[in-house]
There are 2 protein chains.
Amino acid sequence: MSFTPVQKINAYEIIVDQVEQAISDGTYGAGDRLPSERQLMADFGVSRATVREAMRVLQATGVIESRPGDPRGPVVTAFSPRVLEKSMAKLAQLDSVSRVELLQFRLLLEGHASLLAATERTDDELAEIARRGEDIADLADQPDVRFGERVNRFHQAIRRASHNQMLEICGNVVGGVMAEMIDRRLTSETDRSSRVRTSAHDARALVAAIRDGRAQEAAAISTGNIYRYYADDLSSEETRRLATMMESYGAQM
Amino acid sequence: MSFTPVQKINAYEIIVDQVEQAISDGTYGAGDRLPSERQLMADFGVSRATVREAMRVLQATGVIESRPGDPRGPVVTAFSPRVLEKSMAKLAQLDSVSRVELLQFRLLLEGHASLLAATERTDDELAEIARRGEDIADLADQPDVRFGERVNRFHQAIRRASHNQMLEICGNVVGGVMAEMIDRRLTSETDRSSRVRTSAHDARALVAAIRDGRAQEAAAISTGNIYRYYADDLSSEETRRLATMMESYGAQM
DNA sequence: TGTCGTTTACTGGCCTGACCAGTAACCCGG
DNA sequence: CCGGGTTACTGGTCAGGCCAGTAAACGACA
């Protein structure tokens, strides 16, 4: 016989749980309106302060949105990756998550996004990918535009064409975090222009591979490009930890 | 010239931002104590209700923990993936995410976890993996123990040995969601025992591959096993969407 | 009849002030 | 030096109130 530890639950938590339950069992769906705070206060038999704390939590976790003055009450929001992004960004910036881990994870996501995009993409998506790819080359004449962000948009189009939402969202998060890191670090102009050149070149090759459905090649190009971007800064230990993964994609190191 | 949309910021949000800022710039670190609500109320020049709403948000996002009666005030918590897990779980349970997408994503994570574990694992981790693998075989005599959960624990040990926290956390979430799906669906006893047998067999092969550092093989076994588990239920279209990925791991379909 | 401003009845945001149960440091008697 | 009671705090919750904002209902005017 085992005892389960008693965990005292605050009043506001009960409200949060009930609302989440009501949403997950379909009582409320995206776009529906919750009762007003004053109504909830009567329904749950608690004070308004307690209701408000519960609303704050639901709002912070991306479950509802509320706006002062709207007589229709708080609205149940459709899923948005905002919360996911924030917590993942926090994880990524954490000291305990090393650069290698982040890079490994990114290679993994981008590699497979390219792989899937090569077979799943529609023609419209291919066109969008190609357009974003050309945008990178244009960077050569635009010294003030952020490089990391532009490249990330290219990869974003690929992730979308993978037709896998989990992959897409997670990739967007990690890609966004790393793009920001790049733009914060990139200072030297000569360095920038050389990076623009190689990235634009890789992008064209990648677009071609995706166009022709050469999935493995697409993955190899994609991961190879990302890898080479960071290669200079890596220690030998870090390089070793990436080797197995790069090999699995058949990419050049 | 572009204008940025005005975004009204609530009082509590300002408090949240300031506290998060103070933590990210090192003013407060894990384990440190925030001032009491009454003190913060004086510091920020707001009412206690507002301070409390801010505290609730910080608590919900896993930044602080607070306990009634503690004269030392709320404690700044070390990062915990709890929030990330929750939002990830929400993503995985999203209706718009299809079975194939979830399975694709899982194959991706488990495949690379096995790949990395083969080269990065310590001896202790290998022992733990082997132990969890044998636990699966034991299931044959324990009809009441949940199959999906047990297999997930095995994979969990592998994910841990990959030495990549992002991979580990995401894998745990997706693995957990799918394990639950399995246990909800698995009813027939003859079906169960046959699945136990094949899974136990695959687990032994996987442990051996990881032990010997045969990374690619480990990934192939891992993904192959997971795939075969669901293969019967897949439509031909779903099978097609998985083919490219399975091929990239060199796994049998 | 249809349009457009105004009213109105709400909404959420925030404040004040209060009571309670819990905690841990402090202090004092042994 | 030690142990138990005291005390000064903590967070949890409540009641009631004011404000600015919103949108729907309304009514006047064309």
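All figures in this text were calculated on a predicted structure; none of them were measured in a lab. Chain A is the first sequence line, chain B the second, and so forth, proteins listed ahead of strands; every chain is numbered from 1.
- The distance from atom CZ of A/F44 to atom C1' of D/dT13 is 16 Å, rounded to the nearest whole Å.
- Each of A/V46 and A/G69 has a nearest nucleotide on DNA chain D; the 5'-most of these lies closest to A/V46.
- Side-chain atoms of B/N164 and B/S162 include no donor-acceptor pair closer than 3.5 Å.
- The OH-P distance, from A/Y12 to D/dC14, rounds to 14 Å in whole Å.
- The shortest side-chain heavy-atom distance between B/Y230 and B/I182 falls under the 4.5 Å cut-off.
- Of the candidate nucleotides C/dG12, D/dC14, D/dG11, C/dG12 has the atom lying nearest to any side-chain atom of A/P74.
- Heavy-atom neighbours of A/R146 CZ from other residues, nucleotides or ligands within 6.0 Å: at or below the threshold of 12.
- Atom CE in A/M55 sits about 11 Å away from atom P in C/dG13, given to the nearest Å.
- Counting to the nearest Å, the P atom of D/dG11 and the CD atom of A/E13 are 16 Å from each other.
- Going from atom CD1 of B/I64 over to atom C1' of D/dG11 covers 11 Å, rounded to whole Å.
- One interatomic measurement links the two molecules: CD of A/E53 to P of D/dT13, which rounds to 7 Å at whole-angstrom precision.
- The nearest pair of heavy atoms linking A/Q165 to B/E101 is N-OE1, 2.6 Å.
- The distance from the CG atom of A/N172 to the CG atom of A/N152 is 7.0 Å, given to the nearest 0.5 Å.
- With distances taken from any side-chain atom of A/P68 to the nucleotides D/dA23, C/dC15, C/dG12, the minimum falls on C/dG12.
- At the heavy-atom level, A/R67 lies under 4.0 Å from the strands shown only through sugar-phosphate atoms.
- Distance B/Q59 CD to D/dT10 C1': 14 Å, rounded to the nearest Å.
- Counting any heavy atom pair closer than 4.0 Å across all strands shown, B/R48 reaches a base atom.
- Residue contacts for B/R56: at a heavy-atom cut-off of 4.0 Å it reaches the sugar-phosphate backbone alone, with no base atom in range.
- When distances run from any side-chain atom of A/S36 to the nucleotides C/dG12, D/dG11, C/dG13, the shortest one goes to C/dG12.
- Closest to the side chain of A/N10, out of C/dT16, C/dG12, D/dT13, is D/dT13.
- Contact annotation: A/R52 does not reach the phosphate of C/dG12 (side-chain N/O to OP1 or OP2, under 4.0 Å).
- Across D/dC14, D/dG11, C/dC15, the shortest atom-to-atom separation from the side chain of A/S47 is found for D/dC14.
- Put simply, B/T50 has a side-chain N or O that comes within less than 4.0 Å of OP1 or OP2 on C/dC15.
- The side chain of B/A49 approaches C/dC15 more closely than any other nucleotide in the set C/dC15, D/dG12, D/dC14.
- A/G62 and A/T77 make their closest contact through O-OG1, 2.8 Å (heavy atoms, listed as atom of the first residue, atom of the second, distance).
- Within 4.0 Å of B/R72, counting heavy atoms only, lie sugar-phosphate atoms of the nucleic acid but no base atom.
- A straight line from CE of B/M41 to P of C/dG17 spans 9 Å, rounded to a whole angstrom.
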